[in-house]
Each structure stands twice: as C-alpha cells, then as structure tokens.
Amino acid sequence: MVYDPKRIEAAAQSRWNAVDAYKAVENDPRFPKGKYYACSMLPYPSGRLHMGHVRNYTINDMLARYMRMQGYNVLMPMGWDAFGLPAENAAMKNGVPPAKWTYENIAVMKAQCKALGLAFDWSRELATCDPAYYKWNQWFFLKMLENGLAYRKTQIVNWDPVDQTVLANEQVIDGRGWRSGAIVEKREIPGYYLNITKYSEELLDYTLNKLPGWSERLRTIQENWIGKSEGVRFAFPHDIKDASGKPIQDGKMYVFTTRADTIMGVTFVAVAPEHPLAARAGELNPALAPKIEALKAGGTTEAELAVKEKEGVATGLFVTHPLSGEQIEVWVGNYVLITYGDGAVMGVPAHDERDWAFAWKYGIDIKQVTHFVTGARAGSEPQVDRINQPIFSAYAESHWHVSYGDKSGAYTTGWIELWRVTDSNNLGTRTRFDEMQQCAWLEGLNTSNAVDVVAKALAEKGLGEKKTTYRLRDWGISRQRYWGTPIPVIHCEDCGVVPVPYEDLPVVLPEDLIPDGSGSPLKTDEKFLQCSCPKCGKPARRETDTMDTFVDSAWYYMRYASPNAEIDGKPTMVDARNDYWMPMDQYIGGIEHAVLHLLYARFWTKAMRDMGMLKFDEPFERLMNHGMLLNHIFFTPGEHGAKNYFPPTEVETTHDEKGHINGGTLPDGTRVEYGGIGKMGKSERNGVDPQDLIDKYGADTARLYVMFVGGPEDPAVWSDTAVEGAMRFLRRVWTYCADRAGEISSAGAVDASKLTSELKTTRFELHSALKQSNYDYERRQYNTVVSATMKMLNTLEAVKPGVCPALSREGASVLLRALYPVAPHVTCELWSDLGFEKVHGSLLDAAWPQPDTAALVRDEIELVLQINGKTRGAITVSSSADKATIESAAAAAPEVQKFGEGRAPKKIIVVPGRLVNIVV
RNA sequence: GCCGGGGUGGCGGAAUUGGUAGACGCAGCGGAUUCAAAAUCCGCCGUUAGUGAUAUCGUGCGGGUUCGAGUCCCGCCCUCGGCACCA
C-alpha cells in the first residue's frame, strides 16, 4: 500500500472529531502534572491561512501534543480577531456587509485549520465581533469609566484622511497611517482614552525584572517604548504677555532636562513652532510669522528624513535664567517637539549635540561648564575653561583629540562634549569629563549629584523639581469606524454624555450595514442612533464611535479560559476557570505585536487585577516569536522605477558561477531580475498558499516542512525541493512500517542480551537519536527534532526485514511517538495499524518514550586521539576503562610516535567518553 | 548614535554550551533498476596537494587565553531588528 496522505488524514481527523479528542477540561484527572496553556495570537480572518499561520500553529501544536504526552492538561484554543478595517474595505468593494464577509472567511480558515490537523479545542472558539464577546469590552469599559481608568477628552490626534479615522501614536509610521500609508494630519477631536500611563512604572518594572520567559530583544523593545526618562522640570520666568495683556503660561516657560547639571551653560532656549511663545512672537513681529510657520513644515513628515539640518529663528523675546538671572533669548527651533514634555528646551550648546549644531549655525554663545576629568593616564590634561569656535585648532595641535562621530580619529566639526581619546593607539576608548568647574557651588560634583543640587536650588525658588517622564501615552480607543465594538455611551442634550446602564448591555452593532466610504454608516442609521437618555428618559442619540480592535485582543485569551463565564448563575466577563488556566504558559506569535498588542494586554490584565477580577499580575509567562517566512523575489523593471513582480513558481532560476541565483526566465522566455529574499507577501507576489501544499502533499508534509526548515524563531526561506524532501521522508516512514507490518505487530520485547554487536549498535543509535529528540523537544528546537526522527529511520532501515522483529517493533514504537507531534495523522494511522494502540492506548495519550540507559552504554568506545591538541586518530577502549588504562592505550598508539616526533608525553588529558589528548 | 540578535560548505542548517566542525536535509555528481523516463535504491560530495593512504588550510577579520576555541576575552568589519531631533 502506498502512502496516501489524503485518505490517512481524512480518516485520522474524523476519528479525532468523533471523540472530541482535544477538548480541555479544568482539573482533568487524566493529567497528573497540572495545566499547560499554550496559545497562538488571535488571527485576523482575512480570507485564508498563509504560511506564517501554518508555522505559528504547528509550533503551538507540537508543543501542545508533546506536553499532553508528558502528562499535562493542555489547553490550545483558537478564535478570530473579527473586527477591523479590511472587512469594511471588502464590504465597499463587494457590496456585502462586513459581518457576512467575516463569517465566511472564518468558516474557510477554520476548515483549513482542521485540514492541518491542529489540536484546537474548538468548543472555546470565539469571534470578537460576537455580541456575547464584545459585550464584555463594553462592560469593562464602563468599569474603567467608574474607576477613572477611562476618560473622555479632546486632544490633538493623528487623523488619517484616507481611512477617516484617528490613529494611535504607534499606528503612525514615519508620519503615515500604518494601514493606509496616507500622510497623517493633526486634528482636534473628542474621544475616549484608557489610562495605561498609570501603570507605566509597573509595566516597566515587570519588563525589566519579572518576565524571565521573554526574550531580551522583546523586553528591550518594550522598555524603549515605555521610554522612562528621569530629569528635572523647571521654569524660566518671564513677563511676556499675550494680546489681552495676560502673562503667557502665567509667566513661566517650562522645560524638561535630564542634564540639569549643565544649567549654568544655558545660552538660549528653544521652543517648538506650536508653542504659545512662538505664536506670540509671530503676532508681535509679523515678519517672523511665516518663518515660524515654515519651521512647522519640517515637523513629523518627510523633512525628518530629508532635512536633518537644524533650523530656527530668534524671537527677540527673553526669559530669565532661574539661577543666574541672566536674560536668555527665546528661539523657535524645528528640532523641538510640541508633543514631548512642555514643547521647550533649554539650550546648552557645549553639552548637547543638537544644541551645539543649532548654536554653531546661528552664532550663539557656547559656554562649557563641565569637563572631563580622568587623570588616570600620564600626560597633561588639556586646559580648557571656555569653548569657542577656535578651540578646534587648539586641540588639533596637541595629541588630545576632539573626536566627533569619526572613528578614524580625525576631528570633524560637530558637537563636542569633548570626548577625549585616552590612548592614541586605542581610539575607541573614550572617557567623559565628569566634574563641574566654573560654578563654584557645583565644583567637584559628578553629574548625578550636580543634578540633585541644581534641582534643590530650583525647588527653593519654586521654579522646578525632579520629575520622571515616560514616552508611553494614554491609549486612545475611539475609532470613527463602523465595524467595531460600539462605545456604550449616550449623548443627551440635557444630561450630556451618559454611560449605558450595565443591564442594557450589549449595545449591539447592526450587522447589515454596508459602508460606502463616506464615514461610518452608524452615523445615519436611525435604528441604531435613536435611544432614550438613561438619566432623564428624553430622546437621545447613541455614540457612533467604536473601539480600537486592540481592545478585542487585550483579553480574549482569558475568555478562552472561561467561555460563557458565570458566577452565581449570572454571566460574567471571566470566572474561576480563568484562574485555573492563567497566566498563560506559552504565548506564540509574530514579533510585529511586540509593542501594541502585548503592552495593551498587559495593561488590561493589571486593570482587571486591580478590580479584583483575577489573581495574577502578568498574562504571559513565556513568549515565543516565530520567525518570518521568506521567499525569493523576481521582477521586471516597469515605468518610473515601478517593478512588476512574478511568483517564484513561474520562474526558472539561473545561477552565477558560484551557484548563487542571479535571475531567471519566465515560461515565455522573458528575462526577470532577482530581487533577493523578502517576506512572503502579496505585493511582491512571493507568497505560498498553504492550501496548495495540503492539496498536493498533505498536512503532515506541510507541517514537517515548516518545522524542519529552521529554528522556530529564525526566519526561513522557502524551498520547493525541500518540501519534496519532507514528503519523501514521510513516505519512507510509511513504507518501513508497511513492509514490516507483520513482524512489528507480532514481535515481543527486545532481549538486549541476545543482540549481535551489530544490532546493539543499531539500538544504540536509535536510543541516541531518541535522546537528542527529547532534549530538543524540551528546548523547543523543532528543526533538530525532525533531524532526530530522520536519524532513527535511517538507522532502522539499515537492518533488513526479518533480521530482528523485536528491534523493528521497538524502533517503530519510538519513531512513531517522537514523530507524532509533527506529523500526527500518519503516525496515528500507523500506531493503530501496527497494533500499538491495543497495548499502549491512543497515541494522543501514550507515554512519551525514554531512551533505555542500558542501550546507551557500549562495550567498547572510540576515543579521539589528539596530539598537542590536533586530532590524529582514534583508539578503541572498553567503555569501563579507567583513566590509567586509557592513558597507556593512548601512549601506545602508533600516531604518538609518528606525530610526537619521538618525544615523551609531558601530559595526558582524558575527557571521559570523548577524547584523549597527549601533549609532548 | 544607543540597545538587542546574527555572520559556519553550492543552499537550509547542526554541533547537548570549551572536546572529532559541517549532524539531518536540499541541490549536484556517479552507479543500479527500467525499452525509456519518473519513482525508488546504493555510493561520493568544505579547500588545496596527491593515483592513493594521507597531509594542509578552514566557522566574517586581527589579536589573546587554553593541552584544545565555531563556542571564552580584547579590538574591528558586515548584516538584521528595535528606538530616536525624547531635551
């Protein structure tokens, strides 16, 4: 019988279905080791699975099946991130309501998941567009309103003119909307915010110290995102008045700095073009207004890339230095951001790179107030008390280099905080002058002490204090979209904004609307809009904004853990089952969610905890980011630098003399260029449809291939021929078992004492491979797990049928179990065909095979023989040989004479079981 | 610029953490089978020299530690990812 994946896989899947094989139950007595919750990130139902999904879920599936055989009660659920923009776009294009499109996609993708044989517990499936789910988004939103964690405010927001919606900061990439790519505008709009910044410090603390199961890489990304910065916020007093005669900002221009120790070096202040002082300067001097306006242009868009040049204008307005009392001129600078801190900075050209560039350009004083002191090296310290432009030439004459940016050691013009080269032969080591001079009261202090002293001096004058700022902002969740969770509030002419009462939830989103591109159809849907005010009962209007879809994904994994939750007979968001499964033991998903989703989910968890709804601090114990799937890119040049892409399957590749791909030809002979390797995607047309793979080779081959191609976290390049190889291996497994079905199903246990030495070696190799497989399962290096199973088969095939049925039987039983998590269909089929099921029970719950330690012991072992650390041969000794025996055997080896040049051994190093090294 | 990964055959990658570098697979070459092809099976497959046994060099580059370095240390180069006019 030939290997027929279609038949085998359909049969296996229907058997699993019939017994509900993957349903997880809390405290299931079958599993003594307790729970294990392994979950993949919720997919968006875009139409069909792509290879990234296959990889993600196969990793998840291998882990789940392995852990179950280890005795854990495994939960592996699946659901759908079903709200969002693509459904609206598809609706517009096809004239079908988003709901219909979404549910149809879900049906297709669910069928594909089943075809892949993934061990999901479908009884916990959820779709975030289901009112039974999003009701709890609304419910918790109202709770947050009550607790002050959600609030409404008008703010300048990022407005995407194409998508007609507000974007979060993180959804703006290079000044453009993350989906539409349109240049983002600033708009004032009212909306709801969630107070994630309340948890900044806790989120950071856990990121840095309490998430050992997260990669360094991921924690760094989150740390940067939270962006903690400790410094001093203080004011420059002034009496600049607005048009009505009132002092602007109460006569205090605030700035934030991390280097308050350099405050005596301030020679100017710079404000953002949007700052009130800039606006006033424009009013007072109309000639300045257009120049200030021009500085805005460089703000958040192209200019960032194009114009690195610092630009500014002097305003002719002055503020007072809070400590020295000096008059300091206010400049407007294009490098000052209104969105960060107070939109103003103190300018210390001697000690800040940007300030230096700015001052250098406009001829502003540069006043140095700290310098490097090391004294650790011989040679005279440079005498510096004031930096002026000519200082560069002064430095040039000595061996003290002023080095900025240029690693060659040549000095270039640029900002100098006087990095001193400490060793002329070692240009990489730089030391920082770290003590104060010039200001007697700061003399001799290092940076951090000086900051404290300055902060104290400012505090005494009531002008400032130490302050910690974070880059993290509150999470704006209002979206001017239709296909999302309705925000449960009502607008009443008399009472204002009134929350929907809990008992009226959910506010159901009508599912039959079709957006036409002119904004949310909710705005014109009277059936949805009309309601009465919960407070006064008068006719009122519903809120038409819906929630950001990151709300949906912030807690879905807890709903998996407690579907249809209820407490005392009443429906709830989560229940005690959540505390059984959570926190999640292993979360698996793409690195693209490193900040957005993960940070929101962590925040949401902490908010629920603080409302007494759960008992843990963090949702995800361990996190794995599977690598991207890449493929070759081929194209022909089009007009205006555009490229016409061709799927790699249509291209016959050509190679250069080194064997590297350098292009290819299409079936019609057209020459195409090679565009290198890139992420599989629609735009480059280099994606591979998993359905084609399943149809052609079967799910087991598709799974085996994506696991074998590389480490789970590494990027992987697609290869057609490697897929053929995966299929070939499974066919050999099938053939091996089929050819020996008789001897395998009837044989008894191996009697090791009766094996020939050749068969002992075979058994040794089998159990060695098993040992490797188990080791690699534990560290989740699934590509070498596959290697190990291939070794097992290679070893077993070398013994002819009939030679040792007992060993064939043992081999098959080990191989099938080790291979099962990767290729569950074919192994389950063979497990049952060969009669193992009758003895050991279902493969799903069979005991994981352990190597026989006796089989791993050999009578004789080969030790590598090294002479002076170079491998020169090998010696064979008894495995029980002691050190002295090995040493004398090694010393007697002919290689010692040959390579030792007749000298007597000085030293012999024996590494047990590995090698012996003779030093002569 | 700062932070974090990573550089190993023609290719994907392995090396159980300092102990035979290149496991396993792909591609390639030679052979068997076949009327032929596919499929399958057997053998070879880092470099240089040699008919060969074998020797030589070899894990991005330059040093170092060690009996022994892909692995540890110092200094570079390249590459991927994150953050950033963040004050």
Side-chain angles (χ1 to χ4, degrees), chain A residues 2 215-225 227 229 231 255-259 270 298-299 303-304 307-310 333-337 339-348 352-355 357-358 405 407 425-429 469-471 591 594-595 655-661 705 708-711 713-726 728-729 731-732 735 769 771-772 774-776 778-779 781 783-784 786-791 794 797 862-874 906-909 911-920:
Chain A
V2 295
S215 67
E216 181 78 34
R217 177 188 178 202
L218 206 81
R219 286 185 303 174
T220 305
I221 292 172
Q222 294 227 333
E223 182 190 347
N224 287 342
W225 193 262
S229 172
V255 299
F256 177 78
T257 178
T258 54
R259 288 294 307 276
E304 274 182 5
V307 194
K308 277 247 163 183
E309 188 72 29
K310 308 259 175 300
N334 68 346
Y335 70 103
V336 185
L337 300 178
T339 49
Y340 188 82
D342 294 283
V345 299
M346 65 177 198
V348 187
D352 182 274
E353 185 181 350
R354 291 154 307 176
D355 295 346
F358 195 78
K407 286 191 175 113
N425 293 320
N426 191 353
L427 295 170
T429 306
T469 62
Y470 298 87
R471 186 180 177 279
I591 189 76
V595 278
H655 304 260
D656 63 18
E657 61 280 1
K658 288 199 83 179
H660 297 122
I661 297 174
Y705 168 73
F708 187 53
V709 69
E713 307 205 67
D714 298 329
V717 183
W718 181 258
S719 157
D720 284 320
T721 49
V723 179
E724 301 272 355
R728 199 143 53 213
F729 170 63
R731 192 183 288 129
R732 275 172 57 211
T735 307
K771 195 178 160 195
Q772 186 201 320
N774 291 359
Y775 176 77
D776 289 335
E778 279 302 312
R779 58 175 182 157
Q781 187 171 290
N783 51 332
T784 45
V786 175
S787 299
T789 59
M790 288 173 168
K791 276 187 204 170
N794 289 347
E797 276 181 339
E862 195 170 79
L863 294 181
V864 168
L865 177 65
Q866 292 187 342
I867 290 146
N868 288 338
K870 285 201 156 201
T871 302
R872 295 299 185 185
K906 264 194 282 194
K907 191 175 170 188
I908 299 179
I909 293 145
V911 181
R914 291 227 180 238
L915 59 76
V916 47
N917 185 14
I918 297 180
V919 186
V920 298

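A, B, ... follow the sequence lines: proteins, then strands. Residue 1 opens every chain. Just so it is clear, the model here is predicted, and its values are computed rather than measured.
For the side-chain contact (heavy atoms from CB on, under 4.5 Å) with L865(A), the qualifying choice from I918(A), T871(A), L915(A), N917(A) is I918(A), the only one to do so.
Here the closest non-hydrogen pair linking A769(A) and A788(A) is O-CB, 3.5 Å. Closest non-hydrogen pair, D355(A) versus G347(A), comes out as OD2-CA, 3.5 Å. Closest approach of I221(A) to I591(A), counting heavy atoms only: CD1-CD1, 4.4 Å.
Each of rU17(B), rC85(B), rA39(B) was ranked by its minimum atom distance to the side chain of R731(A); first place goes to rA39(B). When distances run from any side-chain atom of T721(A) to the nucleotides rC83(B), rA27(B), rC24(B), the shortest one goes to rA27(B). The listed nucleotides are rA27(B), rG19(B), rA87(B); the one nearest the side chain of V345(A) is rA87(B).
Taken from CZ in R732(A) to CG in N794(A), the straight-line distance is 5.0 Å, to the nearest 0.5 Å. Here the OG1-CE distance, from T257(A) to M346(A), works out to 3.5 Å after rounding to the nearest 0.5 Å. For the atom pair CD (Q866(A)) and CZ (R914(A)), the distance works out to 12.0 Å, reported to the nearest 0.5 Å.
Proximity of K870(A) to the phosphate of rG19(B): no side-chain N or O atom is located under 4.0 Å from OP1 or OP2. Distances shorter than 4.0 Å separate some side-chain N or O of Q781(A) from OP1 or OP2 on rA15(B). Between N783(A) and the phosphate of rA14(B), there is a side-chain N or O to OP1/OP2 separation shorter than 4.0 Å. Dashed line: the shortest gap from a side-chain N or O of R779(A) to OP1 or OP2 of rA14(B) is not under 4.0 Å. The phosphate of rU54(B) has neither OP1 nor OP2 within less than 4.0 Å of any side-chain N or O from R872(A). Contact annotation: R728(A) reaches the phosphate of rA27(B) (side-chain N/O to OP1 or OP2, under 4.0 Å).
Distance noted for atom C1' between rA39(B) and rU34(B): 11 Å (whole Å). When the C1' atom is used for both rC72(B) and rU59(B), the distance is 16 Å, rounded to whole Å. For the P atoms, the distance linking rA69(B) with rG22(B) amounts to 16 Å, nearest Å. Comparing the same atom, P, in rG18(B) and in rG70(B) gives a spacing of 13 Å after rounding to whole Å. Rounded to whole Å, the separation between the P atoms of rU54(B) and rG30(B) comes to 26 Å. Taking the C1' atoms as reference points, rC67(B) lies 43 Å from rG82(B), given to the whole Å. Nucleotides rG68(B) and rC76(B) are separated by 26 Å at their C1' atoms, to the nearest Å. When the P atom is compared between rC24(B) and rA15(B), the two are found 14 Å apart, to the nearest whole Å.
Because its glycosidic torsion is within 90° of 0, rU17(B) is reported here as syn. In textbook terms, a nucleotide whose glycosidic angle is within 90° of 0 is syn, while rG30(B), being further out, is anti.
Residue order along RNA chain B, read from the 5' end via each residue's closest nucleotide, puts V709(A) first among L915(A) and V709(A). Toward the 5' end of RNA chain B, the nearer of the two residues Y335(A) and V717(A), judged by each one's closest nucleotide, is V717(A).
When the P atom of rC3(B) is taken as reference, atom CZ of R219(A) falls 16 Å away, rounded to whole Å. Straight-line distance from the CE atom of M346(A) to the P atom of rA87(B): 12 Å, rounded to whole Å. One atom, CZ of F708(A), and another, C1' of rC26(B), lie 9 Å apart when rounded to the nearest Å. Residue E797(A) contributes atom CD, which lies 14 Å from atom C1' of rC24(B) at whole-angstrom precision. Distance F729(A) CZ to rA23(B) P: 17 Å, rounded to the nearest Å. Rounded to a whole Å, the CG atom of N868(A) is 13 Å from the C1' atom of rU66(B). If you take CG of D776(A) and C1' of rU16(B), they are 8 Å apart, rounded to a whole angstrom. For the pair N794(A) CG and rC26(B) P, the interatomic distance rounds to 10 Å; values are reported in whole Å.
Base engagement by I909(A) is indicated by at least one non-hydrogen atom pair under 4.0 Å involving a base atom. Within the 4.0 angstrom heavy-atom criterion, no nucleotide atom of any strand lies near D714(A). Residue V786(A) is classed as having no contact, given no heavy-atom separation below 4.0 Å to the nucleic acid. Residue-level contact check: G227(A) touches neither bases nor backbone, having no heavy atom under 4.0 Å from any strand. Heavy atoms of V919(A) sit under 4.0 angstrom from primed sugar atoms or phosphate atoms, though from no base atom.
The shortest distance between side-chain heavy atoms of Y775(A) and K771(A) does not fall below 4.5 Å. Looking only at side-chain heavy atoms (C-beta outward), W718(A) and V709(A) stay at 4.5 Å or farther from each other.
Stem regions for RNA chain B, each three or more consecutive Watson-Crick or G-U pairs with both distances under 3.5 Å and listed by first number, read B:1-7 with B:77-83, B:10-12 with B:24-26, B:28-32 with B:40-44, B:60-64 with B:72-76.
No donor-acceptor pair closer than 3.5 Å links the side chain of Y705(A) to the backbone N or O of D720(A).
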